[in-house]
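First comes the structure, then the notes that go with it.
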Number of protein chains: 2
Amino acid sequence: MEFIRKEMDWELNANGRSILECKGSKPMIYVGYGEESVDMYRGNFKIEDYVVERRPLHVTGITEGPEGISMDMEGQLTLTVRVEGECALLSFTQVDPRINRFWFRVDADEEECCYGCGEQMSYFNLRGRHFPLWTSEPGVGRDKTTYVTWRSDVENKAGGDYYNTNYPEPTYVSSRHYYLHVDSTAYADFDFRNREFHELQIWEVPASIRIEAAPTFVELLEKLTAFLGRQPELPEWVYNGLIIGVQGGNERSFGLLDRTLEKGIKVSGLWCQDWCGKRVTSFGKRLQWDWQYHKEMYPDLPKRIEELHARGIRFLGYINPYLVNDGVLYEEGKAKGYFATKGDGSDYLVDFGEFYCGVVDLTNPDAYEWFKDEVIKKHSLDIGIDGWMADFGEYLPTDDLRLYSGKSPMMEHNRWPALWAKCNYDAVKEEGRLGEVVYFMRAGGTGSQKYCTLLWAGDQSVDFTIHDGLATVICAALSAGMTGCGLSHSDIGGYTSLFDNTRTKELFLRWSEMAMFTPVMRTHEGNRPDTNFQYYEDEDCMEQLARLVDIYTMLAPYMKVLVKENAEKGIPVQRPLFLHYEEDGKAYGIQYEYLLGRDLLVAPVYLEAREDWDVYLPEGEWVHLWTGDVYQGGDVNVEAPLGYTPAFYLKDSSYAPLFEEIRRKYGTAASRD
Amino acid sequence: MEFIRKEMDWELNANGRSILECKGSKPMIYVGYGEESVDMYRGNFKIEDYVVERRPLHVTGITEGPEGISMDMEGQLTLTVRVEGECALLSFTQVDPRINRFWFRVDADEEECCYGCGEQMSYFNLRGRHFPLWTSEPGVGRDKTTYVTWRSDVENKAGGDYYNTNYPEPTYVSSRHYYLHVDSTAYADFDFRNREFHELQIWEVPASIRIEAAPTFVELLEKLTAFLGRQPELPEWVYNGLIIGVQGGNERSFGLLDRTLEKGIKVSGLWCQDWCGKRVTSFGKRLQWDWQYHKEMYPDLPKRIEELHARGIRFLGYINPYLVNDGVLYEEGKAKGYFATKGDGSDYLVDFGEFYCGVVDLTNPDAYEWFKDEVIKKHSLDIGIDGWMADFGEYLPTDDLRLYSGKSPMMEHNRWPALWAKCNYDAVKEEGRLGEVVYFMRAGGTGSQKYCTLLWAGDQSVDFTIHDGLATVICAALSAGMTGCGLSHSDIGGYTSLFDNTRTKELFLRWSEMAMFTPVMRTHEGNRPDTNFQYYEDEDCMEQLARLVDIYTMLAPYMKVLVKENAEKGIPVQRPLFLHYEEDGKAYGIQYEYLLGRDLLVAPVYLEAREDWDVYLPEGEWVHLWTGDVYQGGDVNVEAPLGYTPAFYLKDSSYAPLFEEIRRKYGTAASRD
């Protein structure tokens with residue numbers, strides 16, 4: 001990187017092109033003062049801002065020192081720039097205490113593409129839109145033109161929009177071969193709509209902005225994750241088969257496990273989210289948020305887990321960082337004063353949809369320890385549980401909430417998911433079970449890279465919609481991968497069923513055939529199990545599922561290498577095409593295909609009632625996984641009946657024998673002959 | 001008013017309280033620079049603004065002269081304040097040409113109420129909300145929680161919201177007994193959400209802001225309309241009965257007129273909007289936008305009108321300021337170069353919903369003359385037409401439109417409705433027919449007070465919804481009245497029927513019984529006549545309608561006095577309760593009752609399936625119009641079956657004999673005995 005100064009004007013170049021320009025005629029920083037209004041309803045936020053002042057700042061003084069080049073910006077703040085090799089760190093010191101809005105411009109050009117900002121569900125390339133960064137419910141429908149979105153908005157303020165995500169992060173990667181990360185957990189809004197600049201809005205003066213460049217995307221991601229941290233490898237056992245999500249107590253859950261196994265479906269784990277008991281609401285069946293096993297529904301669970309382990313199967317549960325106010329653990333935490341309070345010191349109970357919970361104050365070291373030791377370790381790890389959904393993290397209220405740290409909840413809100421991830425991480429690590437236990441999270445933020453063992457893509461609707469169905473899972477994995485989180489998976493068949501929108505067998509199978517090309521395969525019964533398609537109620541589906549799971553297990557040797565690469569270098573398991581085909585301009589616009597590692601290209605059928613599918617292949621010799629036909633790259637159309645979602649491997653892949661074995665066993669009838 | 005200055009700080013007081021404060025510690029003006037994005041689809045606008053800069057301006061120099069006190073504001077603009085009696089005029093001269101955003105703060109207090117801003121459909125008291133001021137389609141549904149709104153948004157970008165209106169105006173009246181008017185037709189947004197100030201946003205530095213105070217609302221409205229102008233009196237003939245809106249050619253229209261008369265319904269006018277021919281679109285039946293009578297549908301129309309006049313009935317047509325590109329007048333105008341063009345000089349054709357029209361360039365004096373003389377006079381007035389719907393005016397595009405005036409369409413857009421009104425006014429005036437002819441408009445702006453003979457409340461949905469049904473008409477009349485337009489009426493039964501939302505008989509009758517307490521009664525078949533209730537298809541309805549119209553004609557002596565008062569003093573015919581009950585705090589929050597003049601209080605039943613109705617009566621002795629029962633003021637509940645919408649007159653009214661006569665003839669059976 002190159003820092004070029006001419007009196008008070010300067011610019012920063014990377015890869016031979018300007019990234020930052022801070023000139024009298026071209027301000028880089030705007031600051032001001034705003035008054036926000038934030039309204040939360042069950043994890044859905046309405047955030048409005050009244051910007052009272054916004055003005056450009058110019059450099060009014062420069063000093064050079066060992067820390068870098070320090071600039072006085074009109075007495076409002078001090079900026080220090082330090083460039084080391086291909087990395088630039090801009091540190092800010094606020095002088096005027098009134099400033100609470102900060103806008104930062106980065107040079108852009110028309111062809112540029114940007115990716116990341118956490119886990120984005122609707123748009124992988126961020127150009128052309130702005131992305132508010134605030135962890136929240138992702139929305140039900142997420143598309144104002146759909147009936148489900150409209151009803152969700154009207155009845156629950158929950159419809160959402162393209163930018164709503166459980167996992168936002170002020171980090172992006174540019175096709176100009178740099179990443180940029182803002183060190184702040186304040187509300188932010190990254191605006192990629194302008195042709196000539198990106199504008200990053202942050203609701204505080206951030207501590208710093210870090211920009212690092214590299215000659216290739218692979219090297220760039222390695223640098224990004226060297227900085228942000230990397231997810232550890234997954235436990236070996238996950239590759240043994242499917243994690244089945246069933247519930248209803250010992251009898252039903254273990255019964256469905258047996259039934260699944262009888263049908264020849266390989267099972268790696270039994271996931272009972274209602275291990276803690278359940279509660280019925282109008283949304284559907286919810287859980288008893290009191291994180292210990294339910295003695296009536298799951299009698300002798302520790303013993304049952306032990307028996308399961310003897311059969312080579314793992315048991316997974318469920319936890320989140322809230323405790324329901326009619327539970328036992330809530331009483332314990334309340335007696336100790338471990339919950340966030342209102343301004344007047346009284347309990348702040350959060351409405352989660354017809355039940356109310358305390359927010360464990362993870363900024364209080366004692367509360368953090370208690371939840372880690374007395375809740376996670378004692379009630380989950382110590383009874384032999386091998387993993388869990390570490391749910392939520394997005395609901396930190398901002399109105400009248402007081403935290404032990406004394407910090408504003410506006411600043412802590414976006415920090416919460418990583419703090420929650422760390423609490424899980426510390427529990428597992430201290431018990432020496434990293435690499436054996438897997439917890440999966442939907443919420444995230446800066447820090448998730450290190451502390452979250454596996455992402456799951458949240459609560460998709462049980463449909464084929466572009467903005468809330470199967471398709472979003474692909475975009476989610478790719479964007480998370482460009483933010484340093486390369487391990488993702490999803491609820492097979494989706495989760496949210498509302499307003500007569502229900503899961504079909506086709507959806508379940510299309511989702512399964514995509515999931516076998518992700519690090520982990522796991523089913524979920526959804527929020528309304530009784531009215532939605534379940535694989536275990538359909539003989540034919542179980543037969544098909546057995547095949548898909550078997551393919552997943554056959555891919556394990558390949559998958560493990562990818563997962564290891566993610567742990568060691570931060571190269572995601574699911575990769576956008578341009579990661580390995582930088583010269584291919586078309587690759588930058590593709591968000592519904594991905595490379596599973598370098599050798600396998602997957603183009604999931606994410607729409608309903610399709611028999612064939614259009615696929616774009618980068619240059620190379622690609623072998624169709626199911627027929628063995630060879631394609632030379634470019635636009636191709638292939639047959640894609642259920643069970644044969646388009647996938648291609650490189651003819652010269654060192655894993656070609658493995659892929660051929662899959663074809664021989666599970667390819668089209670003609671191909672098997 | 002009192003102007004108090006202390007060095008560079010000053011304030012303006014009215015009625016003993018500060019209205020403006022311009023101090024170093026408390027800026028009154030903010031200026032800046034913004035980049036708007038304006039997208040129009042069939043009269044529905046999506047307007048977004050990217051505010052690049054916004055900063056407070058402080059007084060940096062003061063000089064006193066004969067023109068007033070002139071202040072330099074940081075070299076950005078000059079402000080001159082002139083106070084004369086109870087009127088203050090603030091004139092602005094822009095110095096920095098880059099400024100295109102202007103924010104102006106006015107002192108407020110928590111109890112204050114504000115009214116006006118043109119014709120507002122959803123909220124009479126403006127406090128607590130902001131009101132973008134931009135003439136547009138009013139929206140179909142106007143409430144994001146309704147199915148009709150959602151469908152309209154999805155299919156036509158037409159759902160709208162609470163603030164959408166055909167008639168916005170940067171003028172409001174405060175309960176602190178002043179009015180404020182901004183001399184600008186730029187896009188504006190008046191924000192009444194803050195407790196301590198109102199903030200008026202204008203997308204230019206306005207020429208001036210005028211504030212005038214008075215001890216009472218009645219005097220204040222008199223001053224406001226002395227400044228803005230006043231609507232002339234209505235023609236005598238309107239009071240003779242109902243204006244029936246029917247169509248379909250001579251045979252059908254005159255046939256329905258005869259049928260209406262046969263049933264004893266008094267008719268003042270026959271309104272055939274399709275006098276110019278018709279066109280069928282997916283929205284419903286539309287008109288042929290070529291403003292001359294249709295020789296096939298209405299053969300010998302001039303002769304038919306003459307015959308009608310002989311029977312004491314008037315004939316009304318329809319015009320708007322666009323001409324369809326397959327019409328005769330379009331050809332004529334195009335040959336003369338009278339349409340607005342694109343930047344490259346080619347025709348700018350506006351999409352009105354499956355047909356395309358030229359925009360007559362009313363800023364071109366020749367085009368204006370042509371449309372006034374060769375279209376309005378020649379084809380309407382000269383064939384004996386007595387009035388018309390002067391529709392539209394809201395569709396001036398802003399993207400690539402060039403006008404003769406050379407002015408930006410962003411500045412001309414809001415000026416268009418009044419310019420269009422003036423064109424009608426001039427035509428009628430020049431023909432010496434002011435006071436004989438009535439044209440009614442939905443679009444408006446500053447100037448409508450003088451140039452528009454009658455407002456109509458636009459295209460309500462055919463339902464009882466709060467934000468787009470019958471109820472909105474009340475709010476529309478009251479807010480227009482507080483902006484200086486005191487003559488309003490509406491389509492009886494509403495207009496817009498979409499997505500299986502259709503007019504019922506109950507709606508038609510409730511609307512009729514309200515309309516008889518407005519200056520003019522007029523029916524409309526709606527956009528889909530065939531699938532909606534029509535009075536002439538229902539014997540019972542015609543009987544009931546005959547009674548209501550007769551009551552309307554009986555009220556004429558009283559109504560004429562009110563209309564005259566509006567023409568002479570600008571006191572609206574339909575008045576908010578607080579206008580005559582300033583001490584009654586509750587009166588300021590009432591938007592669904594009104595005083596028809598000083599003596600009659602009307603509380604229309606605007607909801608479905610009601611048998612009784614809650615009414616608030618200010619202090620006084622109120623006689624229930626239908627029973628003769630006397631109430632002392634306060635909250636009362638009265639029976640309100642169809643035909644008996646709650647109405648009360650002051651016991652000591654000089655018109656009591658007239659009201660008693662109505663009761664004796666049309667009151668409840670018991671009351672008539």
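Here is the naming used below: chain letters follow the sequence lines, and residue numbers restart at 1 for every chain. When reading the values below, keep in mind they use all heavy atoms of this one structure, side chains included, and skip hydrogens, waters and symmetry mates. Quick caveat: nothing in here was measured; it's all calculated off a predicted structure.
Within 6.0 Å of CG on A/D500 lie no more than 12 heavy atoms contributed by other residues, nucleotides or ligands.
Proximity to chain A is limited to the backbone of B/T146, based on heavy atoms less than 4.5 angstrom apart. With a 4.5 angstrom heavy-atom cutoff, B/V51 touches chain A only via backbone atoms. The contact between A/E199 and chain B is made entirely by side chain atoms (from C-beta outward), counting heavy-atom distances below 4.5 Å. Heavy-atom distances place the side chain of A/Y50, and not its backbone, under 4.5 Å from chain B.
Contact tally against chain B (heavy-atom pairs below 4.5 Å) for A/Y33, A/W103, A/Y147: the top residue is A/Y147.
Side chains of A/L470 and A/Q460 form no contact here, defined as non-hydrogen atoms less than 4.5 Å apart.
Paired with A/W134 under the rule ring pair (Phe, Tyr, Trp, His ring centres under 6.0 Å), one option of A/Y187, A/W203, A/Y163, A/F190 passes, and it is A/Y187.
With rounding to the nearest 0.5 angstrom, the CG atom of A/L20 is 7.5 Å from the CG atom of A/L180.
B/S184 and B/E204 form a side-chain donor-acceptor contact under 3.5 Å, judged by distance and modelled atom types alone.
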